Amino acid sequence: MRAGRLKLLEERTRYEPSEVEGRVFARWEDSGIFHPDPAGRAAENYSIAVPPPNVTGSLHMGHALNGSIQDVCIRLARMRGRRTKWIYGTDHAGIGTQRQVEKALEAEGTSREEIGPERFVERVWEWRRLHGSTITNQFRRLGTSLDYADERFTMDHEYVRAVTRVFVRLYEKGLIHRDNYMVNWDPGLRTAISDLEVEQRTVEDTLYLIDYPLESGSGAVTVATVRPETMLADTAIAVHPDDERYSRLVGEAAILPLVGRRLPIIADEHVDPEFGTGALKITPGHDLADFEIGRAHGLEEVVVIGEDGRLTEAAPEQFRGMDPDEVRRAVVAALREEGLVSGTQPYVHDVPHSHRSGRRIEPLISLQWFCDMTELARPAIEVVRDGRVRFHPERPWTAVYLDWLENIRPWAISRQLWWGHQIPVWYRDDETYVGEIAPEGQGWERDPDVLDTWFSSGLWPFATLGWPEETPELRAFYPTDVLSTGRDIIFLWVARMVMLGIEFTGEIPFTDVNIHSIIQAPDGRRMSKSLGTGIDPLDLIQGGPRPPVYTEGGDFPAYGADALRFGLLAMSSSQDVRFNEDRVKQGRDLANKLWNASRLILLRVSEVEPDPGAAATVEDRWIVSRLERLTARVAGLYDGFRFSPAALELYGTFWSELCDWYLELAKPRLYEEDNEQVSGVLLWALEHTLKLLHPVMPFVTEEIWSFMPGAEGLLAAAPWPEADESRIDERAEAEVGRLIEAVTALRRYRDEVGAKASVPVRGRLVAEEYGALREQLARLARLELVDGASPDGDVLATVPIPGGGVQVLPSEAFDAEEARARIAARREELDKEVERAERKLANEQFVAKAPAAVVEEERRKLEEYREALRRLDG
RNA sequence: GGGCGCGUAGCUCAGUGGGAGAGCGCUCGCCUCACACGCGAGAGGCCGCUGGUUCGAACCCAGCCGCGCCCACCA
């Protein structure tokens, strides 16, 4: 059986991810290791709740990176023997999903309004049935070990019950209330949105100066505004209390042009006397600042703009039904006719826009549900301050989180959508009923609004585990351990989970928050489908078209999931990075290298137990020592959420030390008949490497694992190697270090003098240190070593190596003249080094103040260079 | 307006007090019986600028120049 499989290994000189990945994934999933029993307590178990992707979404680069990161954590914990659950599920994503279905309806020539709420919600569920598994299958392609067998959805019956419970409890606690208040109205989506869903965009506007005649008839007050259309709802004029230009007018009134309303002139500190004319028109119905000034002064709130963004019946007849742009032109024209526009100037400023629809926000007074956050924020601040919840990297995210929570404002939680968690409130005449189930009796009407999607997301780590029921899952896996996400949802999601988690479970929902890079397009822009800058992770895994942001290169090759994972982890850090296909390529090359190094080892070893104790030679002890160091280093990096250096160190040590040096050093012994000792070391080195790399590149490592002699079970469930410091061998490292330096120097010499690749250079080793490694030195440097007993006079050159040199003797390999010129150049180089070191050591300050070890190191180097020079001359 | 971050090799990025690193790209030589998705050897850097602290600065401090992000009710 094994022989048959080895044949496959023999024949395949390239690693083929597409042939391996599906098969390996099925083995994992069928084994059940992704789906743990809900046993034990959370403190001993390990869990992560995945940021739930939109149910009808598809995998993008952020998912791929974050999936890779979390999978490293999960696989590491699993190998360390923890009972491990990666909580999986999807989000109903209110606005996003509703928009998708609306578009589908439009394509059918109908609309949401036409089919009504009930039928619409049915259509959304149908949509979910059709598209809901896409992203799940894409996560499988990435190799992520999510608990797919226990999938949750934020609109599941049990989840809805949790959401309802939370709303009712917060209401009963007095933290949720309904109010007529100024909200960010999205006229495109026709719903209120929260402050966090608003983004500022820089807009070029015109600042209009408009004269408002005084009631007394003696002149006018000139106000400055970029939205003249809102004047129709003005109810006052405000000036700064200390502004002497206007102090005599405070208490008087002006007359609102076009409308005729009497506007009291009031004093308020929020007015900036430096801006415009120092007089501010007050529109409490359509501007947040004015709204607050209005409430402070008890001003009338006139509303002339409706929920569709058009002027309402409350506006003068000539303007009704106009959209904001139309009405602006019309109002300005009307004012000009009356000679009341006394100036205009271009004005560039930031204007709030809806993050979802891109439309300019229309601040409107509207009856909405609000959640007061101050009380919830207090313990959420506490747990981060005292380190119970830690951000990685700590800076700047800890401060970002704390700043926001310390200045938190009420959260507008109701949305005028049809898809989502309907607010559990019923009305009958003047009565309001808030409860988990509908009230008894006739005539109750349920509030048609739904909750902000982030309200339900905020319960994710515990509602997915069955809360409010005391389920075994909750006991086993809550609190979770790590939460990993991008910085863009620290406020929207992370902070709210902390607040709601503490409030409803009494515990922090996770102990570590990892904030990962945001990966930009290769040109530095945002990755986005509509911009043509988005790169589909699946196209990298299985091959596919390059997006328009690439102007050349044809299709992506099929790099494979391991390559993508490696690439994303290697390119990402704490700051935003541009997508770098070369890193993915590096990952593919690594998988291939791993495959081929494994072929070399597995096709030739004796079937023995992997055993670091089998180390018999200095190079054996060297590789064992190097891999033990790597183990400690990589574990530390993984645990510190430093995945990029971890991936790159694994790459470097495996490639440069294990492959380039150790495998080459071990080959002669491996090819011998009696190779059991070196087999033990090689198998140990391979096994160790596979384990360390498995969290990053699970497919290729699992596949190779299956070829190990006596392989049993899954690598994914194999024990993680703990670093063993007793196997660190400084002496072996120093000896092999010298060998490497010597071989490199000799190879460089060969290269410099143009030695023919296939012909050995004759030479005599003049150095004490190479005892056991003498043959290796000769073989790797392609030297024909002659006995040192009888020195002849025709030494062409001496190549300095640590501890001595190699006298080069004439041979067929190269031309002697050229060699002499090379030596002269090398001497110059060494002279420079000696001079530098001497200068440094001549500096009394340096010798006196630098740490002894540093000074000593410098002396050692100086001596080494002098020695090398002596060798060169002799 | 407030805050945060970035500027290091041609490109994308690590490095954060003791002689500048990786991958790709480039040059030269190799199909050496694991791998040409490979092997060997190299070239390439006023570590944005100016001052300061220090025996010593890419790294710490200050200022400046350039770029980016977040927060924010000055119309």
Side-chain angles (χ1 to χ4, degrees), chain A residues 9-10 13-15 182 195 200 207 223-227 230 238 270-277 279-283 287-293 347 349-350 352 363 395-397 399-400 403-404 407 487-488 490-491 518 522 524 557 559 563 567 570-583 585-604 644-645 648-649 651-652 659-660 663-664 667 671 743-744 747-752 754-758 780 782 833 836-837 840 843-851 853-855 857-858 861:
Chain A
L9 195 60
E10 172 96 61
T13 61
R14 269 196 195 190
Y15 174 64
M182 178 75 47
D195 295 338
Q200 302 294 332
L207 189 65
V223 300
T225 180
V226 292
R227 298 199 64 195
T230 62
H270 293 281
V271 180
D272 176 5
E274 306 290 315
F275 189 92
T277 62
L280 174 63
K281 72 187 209 47
I282 301 296
T283 321
D287 182 280
L288 180 56
D290 292 4
F291 174 78
E292 287 180 355
I293 291 173
Y347 185 63
H349 63 149
D350 288 346
R395 260 162 33 112
W397 309 120
V400 167
D403 285 350
W404 186 72
N407 299 296
R487 59 171 159 69
D488 47 337
I490 291 176
F491 308 145
I518 290 181
Y559 287 115
M571 78 179 82
S572 73
S573 65
S574 51
Q575 61 170 339
D576 294 356
V577 287
R578 298 182 180 199
F579 180 78
N580 186 199
E581 186 180 342
D582 287 338
R583 287 295 187 199
K585 196 164 143 227
Q586 188 181 359
R588 179 196 60 179
D589 294 348
L590 175 58
N592 186 245
K593 187 79 172 174
L594 205 54
W595 177 255
N596 278 294
S598 303
R599 289 176 63 231
L600 170 68
I601 295 169
L602 295 170
L603 291 171
R604 290 190 169 72
S644 171
L648 293 172
E649 287 221 16
Y651 176 95
C659 292
D660 290 349
L663 292 185
E664 294 306 324
K667 268 179 186 174
Y671 286 129
V743 170
T744 304
R747 283 172 174 169
R748 186 190 308 126
Y749 180 84
R750 285 188 61 101
D751 215 53
E752 279 174 348
K756 296 195 191 77
S758 52
L780 295 179
R782 297 207 143 225
E833 293 294 350
R836 187 197 58 76
K840 200 159 181 179
N843 180 349
E844 284 172 31
Q845 301 271 33
F846 173 73
V847 177
K849 295 193 179 175
V854 174
V855 178
E857 174 67 8
E858 204 55 43
K861 282 184 203 157

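Everything numeric here is computed off the predicted structure, so don't read it as measured data.
- Partners of A/Y15 under the side-chain hydrogen bond (donor to acceptor under 3.5 Å, both in side chains) rule, at least two apart in sequence or in another chain, do not exist in this structure.
- Judged by distance alone, with hydrogens and angles left aside, the side-chain atoms of A/R747 form a donor-acceptor pair with the main-chain N or O of A/L780 at under 3.5 Å.
- Across the protein-nucleic acid pair, A/R227 atom CZ and B/C73 atom C1' stand 14 Å apart, rounded to whole Å.
- Here the C1' atom of nucleotide B/C74 and the CG atom of A/D350 are 12 Å apart, to the nearest Å.
- Per the geometry, CD1 belonging to A/I601 stands 9 Å off C1' belonging to B/A34, to the nearest Å.
- For A/E664, counting side-chain heavy atoms from C-beta on, the closest listed nucleotide (B/G40, B/A34, B/C73) is B/A34.
- Checking the phosphate oxygens (OP1, OP2) of B/C37, no side-chain nitrogen or oxygen of A/R588 falls inside 4.0 Å.
- Across the protein-nucleic acid pair, A/Q200 atom CD and B/C69 atom C1' stand 14 Å apart, rounded to whole Å.
- Distance A/H270 NE2 to B/C74 C1': 12 Å, rounded to the nearest Å.
- Nucleic acid contact class of A/Y559 (heavy atoms, under 4.0 Å, all strands): none.
- The side chain of A/E292 sits closest to B/C73 out of B/C73, B/G23, B/A34.
- Place A/K281 and A/R578 on RNA chain B by their nearest nucleotides, and A/R578 ends up nearer the 5' end.
- Here the nucleotide nearest the side chain of A/D751, chosen from B/C74, B/A75, B/A41, is B/A41.
- Across all strands, A/Y347 comes closer than 4.0 Å only to sugar-phosphate atoms, never to a base (heavy-atom distances).
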Would you list the protein and nucleotides 3-9 of chain B atom pairs, both N or O, that sit under 3.5 Å from each other?
residue : atom : partner : partner atom : Å
B/G5    : OP1  : A/R395  : NH1          : 3.4

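- If you check B/G38, B/U12, B/G40 against the side chain of A/D660, the one that comes closest is B/G40.
- Remark: side-chain polar atoms of A/N596 are paired, donor with acceptor, to backbone N or O of A/T13 under 3.5 angstrom.
- Whole-Å rounding puts the A/N596 CG to B/A34 C1' distance at 5 Å.
- The side chain of A/K667 contributes an N or O atom lying less than 4.0 Å from OP1 or OP2 of B/A34.
- Within 4.0 Å of A/S573, counting heavy atoms only, lie sugar-phosphate atoms of the nucleic acid but no base atom.
- Looking at which nucleotide of RNA chain B each of A/V271 and A/W404 is closest to, the 5′-most match is held by A/W404.
- Residue-to-nucleotide contacts include no donor-acceptor pair under 3.5 Å from the side chain of A/K585 to the base of B/C24.
- Rounded to an integer number of Å, the gap from CD1 of A/I490 to C1' of B/C70 is 10 Å.
- Between A/T283 and B/A75 there is no side-chain polar atom (N or O) within less than 4.0 angstrom of OP1 or OP2.
- Using a 4.0 Å heavy-atom cutoff across all strands shown, A/R583 reaches at least one base atom of the nucleic acid.
- Across all strands, A/D488 comes closer than 4.0 Å to no nucleic acid atom at all (heavy-atom distances).
- A/A757 comes within 4.0 angstrom of no nucleic acid atom, judged by non-hydrogen atoms across all strands.
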